[in-house]
Structures are given as C-alpha cells and as structure tokens.
2 protein chains.
Amino acid sequence: MLGGVSEASWDRSRCSVAGTLGVVGEKWSLLVLREAFFGVRRFADFQRLLRIPKAVLSDRLATLVEQGILARVPYQAEGERQRHEYRLTTKGRDLYPTLVALMQWGDTYLADGPAPLELRHQDCGAPVHLELRCEAGHAVEGPRAVRPVRATPVG
Amino acid sequence: MLGGVSEASWDRSRCSVAGTLGVVGEKWSLLVLREAFFGVRRFADFQRLLRIPKAVLSDRLATLVEQGILARVPYQAEGERQRHEYRLTTKGRDLYPTLVALMQWGDTYLADGPAPLELRHQDCGAPVHLELRCEAGHAVEGPRAVRPVRATPVG
DNA sequence: ATGTCAGGTTCGTCAAGTGAACCCAGGAGT
DNA sequence: ACTCCTGGGTTCACTTGACGAACCTGACAT
C-alpha cells in the first residue's frame, strides 16, 4: 500500500503522529478543543457543554496550556471580578484540520442522517472540506497515491 | 471565532468528532492504523513495531474489525499454514486524512529537526499536504474563514 | 510424540477516569 | 462586618483501563 518506506526501518519513536497524540490524544482533549473552536472559553462552559468531570477538565486545560495550545488569559467583564479564560493560540488553531478530518469521517460513516453540522466558507458560502494535494496542485486520491520517504537518512 | 452556530444550541451528542473519537479515540487505535497504512498486517508485527501490550492490541484490533475499519482475512503463504491478517477496508482507508492531519501538526510543532517522514505524490514526487478548500475552489485559511451551520433545524 | 511458533487469553498490579463532596476567593447585599 | 452566591477549581472513594509476564492453543514440521 504505502510501503515505500521499508516497514521496520524508520524510527517510530519520533513519529509525528505519536507525538501529536501524546499531546492531544488523551480522552477529552480533542473535544475540549472542539468547543474552543466553537468559541467556548470558560471553565464552567466547557464543563456544562461537555459533561466532563471537573477534575479531568482541570487537568486537560492545564496540559493544553502547558503545551501552548490554549492560553490562560485574565479578563474582566464590566461589573464583574477578574476571571480568566482559555483561548486558542496559533498552535492550537492549527489543530483545526485534525478536528475537521475527524468530523468528515464521522459524517461519512457514523451519521444516521445528514451531517449534523456543515462547514461553509465565510466568503462564498460553499461547503468546505479537506483535500489532500501535492505542491504541483494535483489532487491526491488516497494513501495509495502517496509515497512516504524518510527525510533524514539513519545516522 | 467560529461561533456562527449559537454555542449551546446544537446537539453535541451526535457530533461527528465525538463519534469518530468513540471509534478510534482509544489509546493505540490510531497508531495501529498508522502501521496499517504502512502496510503492516499481522498481529506479531503490530506488536513488535508498536511495543504495545498484547492484550491491548488484541482488544484494539477486535474493535477496529467490529467497526469495519479493518478486515480480518485468512490467507495462506506457500508452505505455511493458514493465518489471518488485518487489512484496511475502504472505511479504514478514509481515515488517512486524519492521520495526515496529526502528522502535519506534529511536524510543525514537535519536530526537533526536519520532519521524520515526508509524503510525496506517487505520480509527480511533489510533497503532499492537507488543504481546507471550499467547493468553489477557494483555499480556506483557517477556522476564522469557516462558518458552521446546523444541517437540520432542531426538531 | 514432541517441538515450534503465531496468535492470542489470563492475571495481578498500577495508572487514569468518574461523580459527589468540599474548598476558596471576590464581589453583592444587608 | 458578616453572610450569600458563583466561578473555578481540589479531594476523595470507586471503577475502569493499561501494563507486562506468564500461560494457553492449534497448526504444522520433525
């Protein structure tokens, strides 16, 4: 299939998939980020919307902040005391394609009806989806059209 | 940010992100699939390459087969006894963008050097990457350029 | 019949997730 | 000054899941 890389030959320990999962692969992490992409910023809102145990939410937010995916910023609503909220950083925003990929797969294979949520281009209103493309501009149809190569020779 | 959908208004219980994570969100599942995309098919190879406990691997493979993401197919190498191997189905192959998304993020933010693995277009050799595009063909630059809409009104 | 080996299952232990209860700081009301 | 409320947590007892080592099983090969 995709076996251009001799299968046992490359260093799994520095694999970016594993690395990313090490950061956002724990239970709830990606759901917290989903809510963040919907604009949720406050502890109590995450908790209410996700029905996540407080202790777990506390831990996940701390991890995401530690990783630089969320930032814990103080703010003050008028007439209220100072609070802080959790905002996506650029690093966090760049996880958007991951969420979209999960969503698209779910829409295709798990929906018992039409997709519950559709993404539209802000500018033109057309539906948005993820595509695999090469830099020459060709659409890449799937894993079989891809050849993985080790960037650095073993050494 | 992305708050075109009033934030508390849509039904999280049927969210495709949550659904997909329910299927492939357990520890190891996506790493098993990563190996499957590299052409790994046999129990012992998954186990050796991932250093995953056998009991966990057994459970994850069973789940993935149950979900129709992998198929457990018998095969017989010449002079050997019948064995079975785990092959990606179409449903499984369609998780490729998810893996690529995780990989790209890791390459950007976690690598302490160049990306450990690069994906090239089989046909032209150019590097491959994921893009968010609308059906009108515009590149979508990020979450801010996307407006989520509920597909079905409440009811 | 005996051994080997892929492909598992079982078991005791340890880490992680869970919900309920509790805590704490900062205003607001009195 | 003192009490109440509320957001944002922590603590605790319990259950679930991950872990590694040991063990089992059903072909075949000898």
Side-chain angles (χ1 to χ4, degrees), chain A residues 7-8 12-13 17-18 21-36 39-67 70-88, chain B residues 7-8 12-13 17-18 21-36 39-67 70-88:
Chain A
E7 279 138 25
R12 260 105 177 147
S13 75
V17 175
L21 288 172
V23 173
V24 296
E26 284 172 303
K27 213 172 175 183
W28 293 108
S29 294
L30 286 167
L31 294 175
V32 168
L33 290 172
R34 179 194 69 187
E35 296 304 320
V40 175
R41 291 183 182 166
R42 282 158 56 167
F43 190 97
D45 292 331
F46 283 112
Q47 206 228 320
R48 179 174 44 83
L49 294 166
L50 288 170
R51 309 244 195 85
I52 174 178
K54 285 175 151 197
V56 177
L57 176 57
S58 188
D59 184 83
R60 293 304 173 273
L61 288 172
T63 302
L64 292 170
V65 168
E66 205 175 295
Q67 296 291 334
L70 296 178
R72 191 173 192 259
V73 303
Y75 81 107
Q76 187 137 23
E78 44 183 327
E80 289 191 10
R81 74 169 189 264
Q82 185 184 351
R83 304 183 183 279
H84 40 265
E85 57 182 13
Y86 299 88
R87 286 166 170 265
L88 283 164
Chain B
E7 278 137 26
R12 260 105 178 146
S13 74
V17 175
L21 289 172
V23 173
V24 297
E26 283 172 305
K27 212 172 173 183
W28 294 107
S29 294
L30 286 166
L31 293 175
V32 168
L33 289 173
R34 178 194 70 186
E35 296 304 320
V40 175
R41 290 180 181 169
R42 282 157 56 166
F43 190 97
D45 291 331
F46 283 111
Q47 207 229 322
R48 179 175 45 82
L49 294 166
L50 290 170
R51 307 245 195 82
I52 174 179
K54 285 174 151 199
V56 177
L57 176 57
S58 189
D59 184 83
R60 292 305 172 273
L61 288 172
T63 302
L64 292 170
V65 168
E66 205 175 293
Q67 296 292 335
L70 296 178
R72 190 171 192 260
V73 303
Y75 82 105
Q76 188 137 21
E78 45 183 326
E80 288 191 12
R81 73 167 188 264
Q82 185 184 350
R83 304 181 185 280
H84 41 263
E85 56 182 13
Y86 298 89
R87 285 167 172 264
L88 284 164

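Since we're looking at a predicted model, the values are computed, not measured. Every chain is numbered from 1 and lettered A, B, ... according to where its sequence line falls, protein lines coming before strand lines.
Between A:Lys27 and A:Val56 there is no side-chain heavy-atom pair separated by less than 4.5 Å. You'll find the side chain of B:Leu70 reaches within 4.5 Å of the side chain of B:Leu33, heavy atoms only.
Within the structure, a side-chain polar atom (N or O) of A:Trp28 is placed less than 4.0 Å from OP1 or OP2 of C:dT18. The phosphate of C:dG7 has neither OP1 nor OP2 within less than 4.0 Å of any side-chain N or O from B:Arg41. OP1 or OP2 of D:dT10 has at least one side-chain nitrogen or oxygen of A:Ser58 nearer than 4.0 Å. For B:Tyr86 and C:dG8, the shortest distance from a side-chain N or O to OP1 or OP2 is below 4.0 Å. Put simply, A:Arg42 has no side-chain N or O that comes within less than 4.0 Å of OP1 or OP2 on D:dG9. Side-chain N/O atoms of B:His84 include none lying less than 4.0 angstrom from OP1 or OP2 on C:dA6. Checking the phosphate oxygens (OP1, OP2) of C:dG17, a side-chain nitrogen or oxygen of A:Arg60 falls inside 4.0 Å.
The residue B:Arg51 sits apart from the nucleic acid: no heavy atom pair falls under 4.0 Å. When heavy atoms are screened at a 4.0 angstrom cut-off, B:Lys54 is found touching base atoms of the nucleic acid.
Checked by atom type, the side-chain pair A:Tyr86/A:Arg41 shows no donor-acceptor distance below 3.5 Å.
In terms of position along DNA chain D, the nucleotide closest to A:Asp59 lies nearer the 5' end than the nucleotide closest to the other residue of the pair A:Asp59 and A:Lys27.
Taking atom CD of B:Gln47 as the reference point, atom C1' of C:dG7 lies 10 Å away to the nearest angstrom. Distance, A:Leu31 CG to C:dT18 P: 11 Å, rounded to whole Å. Straight-line distance from the CZ atom of A:Arg48 to the P atom of D:dG9: 16 Å, rounded to whole Å. The distance from atom CG of B:Leu61 to atom P of D:dA18 is 14 Å, rounded to the nearest whole Å.
In the set D:dC19, D:dG8, C:dG17, the nucleotide with an atom closest to the side chain of B:Pro53 is D:dC19.
With values rounded to the nearest 0.5 angstrom, A:Glu26 atom CD is found 9.0 Å from A:Leu64 atom CG.
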